Asks: 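Sending over a structure as structure tokens; questions will come in a sec.
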Amino acid sequence: MNSKFFDLKKEKQDRMINAALKVFAMQGYRHASTDDIVREAGISKGLLFHYFGSKIGVYTFVYDYSVRYMTLELNSVPDTETNLFAFVKQVEAARIRAMKGYPYMQQFLNRAMIEDESEALLAIEEKRNILKTFYENLYGRIDFAGLPSNVDGAKLLNMIDYTIKGLMTERFLDASYHPDMLYEEVCSYLDMLEGLVNTEKE
């Protein structure tokens, strides 16, 4: 990757990054093409290759950029927050902040976690392991002790994760994505689940 990329105006940098995030998030590495990326970014193919060299060069850069950017936002979640539902709201608020500048960043990271193309896997393996460890440590703060005895905390967390990913995917596919509205929708599901869990305690 050519470090002169960072000499470009921030608007142009973000336009190129967002184009790559969108194409890789929606199509996966195998089916994504640099033609789609340059069309989305409104730049020449020559310019893309000048800064990144190849498709894998673009992919590696945006993955590294996304991991750094997202973990920076997620580090703002207070260490003292251990309640499952309040914690997830804090995490989603941090993700939404990142997605206000880079709408497809979380979708891209989700897609990268299930990427099976060997060229892409080899290129991001180290950073993917770093992100996995980061998430394990982050979610390790949750205290499941306050949940009813008949509620499996890990399964409940998985259910919440599937719900949030499903909502996000649905909003992008039907072109109704708006960060603040998505956050409100996620919170409404969390509040409903918390109400049901609390009913079990009574």
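Nothing here was measured: the structure is a model prediction, and the numbers come from that model.
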Asks: Determine the interplanar angle of the Tyr65 and Phe61 rings, folded into 0 to 90°, and report it as parallel if under 30°, tilted if 30 to 60°, perpendicular if over 60°.
Replies: tilted
Asks: Do Glu125 and Arg128 sit within salt-bridge range, that is, some charged N less than 4.0 Å from a carboxylate O?
Replies: no
Asks: Please report the closest heavy-atom contact between Glu73 and Ala98, naming both atoms and the distance.
Replies: CG-CB, 4.0 Å
Asks: Heavy atoms, side chains only, cut-off 4.5 Å: are Val88 and Leu157 in contact?
Replies: yes
Asks: Using a strict cut-off of less than 4.0 Å between a Lys/Arg side-chain nitrogen and an Asp/Glu carboxylate oxygen, indicate whether Arg39 and Asp35 qualify as a salt bridge.
Replies: no
Asks: What are the two closest non-hydrogen atoms of Leu109 and Ser66, and how far apart are they?
Replies: CD2-CB, 3.8 Å
Asks: With a 4.0 Å cut-off on N to O distance, would you call Lys55 and Glu119 a salt bridge?
Replies: no
Asks: Considering non-hydrogen atoms only, spot the tightest contact between Phe85 and Val197 and give its length.
Replies: CZ-CG2, 4.0 Å
Asks: Evaluate the criterion side-chain hydrogen bond (donor to acceptor under 3.5 Å, both in side chains) for residue pair Gln106 and Asn110; output intermediate values, then yes/no.
Replies: CA-CA 6 Å; Gln106 187 58 53; Asn110 291 346; 2.8 Å; yes
Asks: For the residue pair Gly153 and Leu147, what are the closest heavy atoms and their distance?
Replies: CA-CD1, 3.6 Å
Asks: Taking NZ, NE, NH1 and NH2 as the nitrogens, is one of them in Lys89 or Asp191 under 4.0 Å from a carboxylate oxygen of the other?
Replies: yes
Asks: May I ask you to say whether Arg30 pairs ionically with Asp116, meaning some side-chain N is under 4.0 Å from a carboxylate O?
Replies: yes
Asks: Considering non-hydrogen atoms only, spot the tightest contact between Leu8 and Lys12 and give its length.
Replies: CD2-CD, 4.3 Å
Asks: Taking all non-hydrogen atoms of both residues into account, name the closest pair between Arg68 and Lys127 and its distance.
Replies: NH2-NZ, 4.2 Å
Asks: Side chains of Asp180 and Lys100: does their closest heavy-atom pair fall under 4.5 Å?
Replies: yes
Asks: Establish, yes or no, whether a centroid distance under 6.0 Å links the rings of Tyr139 and Phe87.
Replies: yes
Asks: Would you call the rings of Phe24 and Phe108 parallel, tilted or perpendicular, where under 30° means parallel and over 60° means perpendicular?
Replies: tilted
Asks: Check this for me: does any side-chain nitrogen of one of Glu11 and Arg15 sit under 4.0 Å from a carboxylate oxygen of the other?
Replies: yes
